[in-house]
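Every chain is numbered from 1, with letters handed out A, B, ... down the list of sequences. Keep in mind it's a predicted model, so treat the numbers as computed, not measured.
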Amino acid sequence: MTIIDIPAGWPADEAAARALQRELRGRLVLDEPGPEPGTGHVTGLDVAYDDERDLVAAAAVVLDARTLDVVEETTAVGRVSFPYVPGLLAFREIPTVLAALDSLTVDPGLLVCDGYGLAHPRRFGLASHLGVLTGLSSIGVAKNPFTFTYDQPGPDRGDFSPLLADGAEEVGRALRTQSGVKPVFVSVGHRVSLAHACAHTLLLAQRYRIPETTRHADSLCRRALKAALGGGP
DNA sequence: GCGACAG
DNA sequence: ATCTTGTCGC
């Protein structure tokens, strides 16, 4: 099993990482609607950690956006490339996630990330970062509101309310994917509109709160991590 | 200065 | 994220 190395020139500290985010932020494209919901491919991405052994396993699972059938799955294992710092999550996951994406043989279509895109202290979260690096459309679907505020959306599936930064700027939406269940937090990553990002999320979360893409990727990266642990040391 | 803080 | 059994429910 190959273990992905941390790239040369990778940010050595928090200041360098923040500077890189501000630089890459300039390449973010926010004026495209993105792929039509329900068509083409959608790819779920997620990672699992073993801080003890300094390992991170990433999974990419491509689904048919219309049927939600699995089209292809890949994994990659790497060294943990950054400590967890709120606002710098991307630096912890990106090298290994990119390796998993690189080994796909089909078009990933829309990237669905476990975390945020525009809803970020510098408006450049994981989903935006991955979008810019790959050039692909991307969205972020997070399970927690991070530092943002929102009013409770209506009780029905599809109801939503704005996710606000500084109490005023809409950086995403609290979207109810299942009636009577806590909402998820959707934000635009790269080359997708917020309306489409929410439409994609609803199509991917017809049965559970979390999108099928993320659910598949979550279980796969956990299995990949266990496999790496069992067959490595 | 202190607390909060995606995964 | 991760540590973790049984349990309630479809």
Just wondering, do Y84(A) and dG7(B) stack (centres under 5.5 Å, planes under 30°)? yes
Cluster question for you: counting only ILVMFWY and a side-chain heavy-atom cut-off of under 4.5 Å, with indirect links fine, are I210(A) and V61(A) together? yes
Does L24(A) share a hydrophobic cluster with L88(A), counting links as ILVMFWY side-chain heavy atoms below 4.5 Å and allowing steps through other members? yes
CG of L111(A) to OG1 of T213(A), rounded to nearest 0.5 Å, is 10.5 Å
Those residues of residues 112-122 of chain A lying under 4.0 Å from DNA chain B by at least one heavy atom: D114(A), G115(A), Y116(A), H120(A)
Do V171(A) and R123(A) make a side-chain contact, defined as non-hydrogen atoms from C-beta onward lying under 4.5 Å apart? yes
Looking for any heavy atom pair under 4.0 Å, which part of the strands does L225(A) touch: base, sugar-phosphate only, or nothing? nothing
Using salt bridge (Lys or Arg N to Asp or Glu O under 4.0 Å) as the criterion, list what pairs up with D102(A), not counting sequence neighbours. none
Would you please classify the geometry between the F148(A) ring and the Y116(A) ring as parallel, tilted or perpendicular, with 30° and 60° separating the classes? perpendicular
NZ of K226(A) versus P of dT2(C): gap in Å, rounded? 10 Å
The correct set of residues in residues 9-21 of chain A placing a heavy atom under 4.0 Å from DNA chain B is none
Value in whole Å for how far the P atom of dA6(B) lies from CD1 of I210(A): 14 Å
State whether R223(A) and E73(A) are salt-bridged, where the test is any N-O pair (Lys NZ or Arg NE/NH1/NH2 against Asp/Glu carboxylate O) under 4.0 Å. no
Phosphate oxygens OP1/OP2 of dA6(B): is one of them under 4.0 Å from a side-chain N or O of R92(A)? no
Distance-only, no hydrogens or angles: does the S81(A) side chain make a donor-acceptor pair with backbone N or O of F91(A) under 3.5 Å? yes
Within one Ile-Leu-Val-Met-Phe-Trp-Tyr cluster: V77(A) and L104(A), side-chain cutoff 4.5 Å: no
Can you tell me the distance, in whole Å, between the CG atom of L88(A) and the P atom of dA4(B)? 20 Å
Verify same cluster id: L130(A), V29(A) (apolar side-chain graph, 4.5 Å): no
Under 4.0 angstrom, heavy atoms only, what part of the nucleic acid is R222(A) near: base, sugar-phosphate, or nothing? sugar-phosphate
So if I apply the side chain to side chain contact (heavy atoms under 4.5 Å, CB included) rule between P211(A) and each of T177(A), T201(A), V42(A), which one comes out positive? T201(A)
Expected output is a numbered-order residue list: members of residues 130-149 of chain A with a heavy atom under 4.0 Å from any atom of DNA chain B. What is it? A142(A), K143(A), N144(A), F146(A), T147(A)
Is the centre of the Y150(A) ring less than 6.0 Å from the centre of the F185(A) ring? yes
R53(A) CZ to dT2(C) P, in whole Å, measures 15 Å
Let me know the distance between CG of D51(A) and P of dC3(C), rounded to the nearest Å. 10 Å
side-chain contact (heavy atoms from CB on, under 4.5 Å) between Q152(A) and R176(A), intermediate numbers included: CA-CA 9 Å; Q152(A) 224 40 250; R176(A) 191 90 67 185; 4.2 Å; yes
In whole angstrom, what separates Y49(A)'s OH from dT2(C)'s P? 9 Å
Contacting residues from residues 160-189 of chain A, given that a heavy atom lies under 4.0 angstrom of DNA chain B: none
Run the side-chain contact (heavy atoms from CB on, under 4.5 Å) test on Q21(A) and H120(A) for me, step by step, so that the C-alpha distance in whole Å, both residues' side-chain angles and the decisive distance to 0.1 Å come before the verdict. CA-CA 11 Å; Q21(A) 286 182 329; H120(A) 177 274; 3.5 Å; yes
Any carboxylate oxygen within less than 4.0 angstrom of a Lys/Arg side-chain nitrogen, looking at D46(A) and R222(A)? no
How about S219(A) and R215(A): does a side-chain donor come under 3.5 Å of a side-chain acceptor? no
Looking only at heavy atoms, what is the nearest atom pair of A60(A) and L220(A), with distance? O-CD2, 4.5 Å
Tell me the interatomic distance from Y150(A), atom OH, to dA6(B), atom P, rounded to whole angstroms. 13 Å
Determine, for nucleotides 5-10 of chain C in 5'-to-3' order, which nucleotides have protein heavy atoms under 4.0 Å from the base (write B), from only the sugar-phosphate (write S), or from neither (write -). ------
Between dA6(B) atom P and H129(A) atom NE2, what is the distance in whole Å? 19 Å
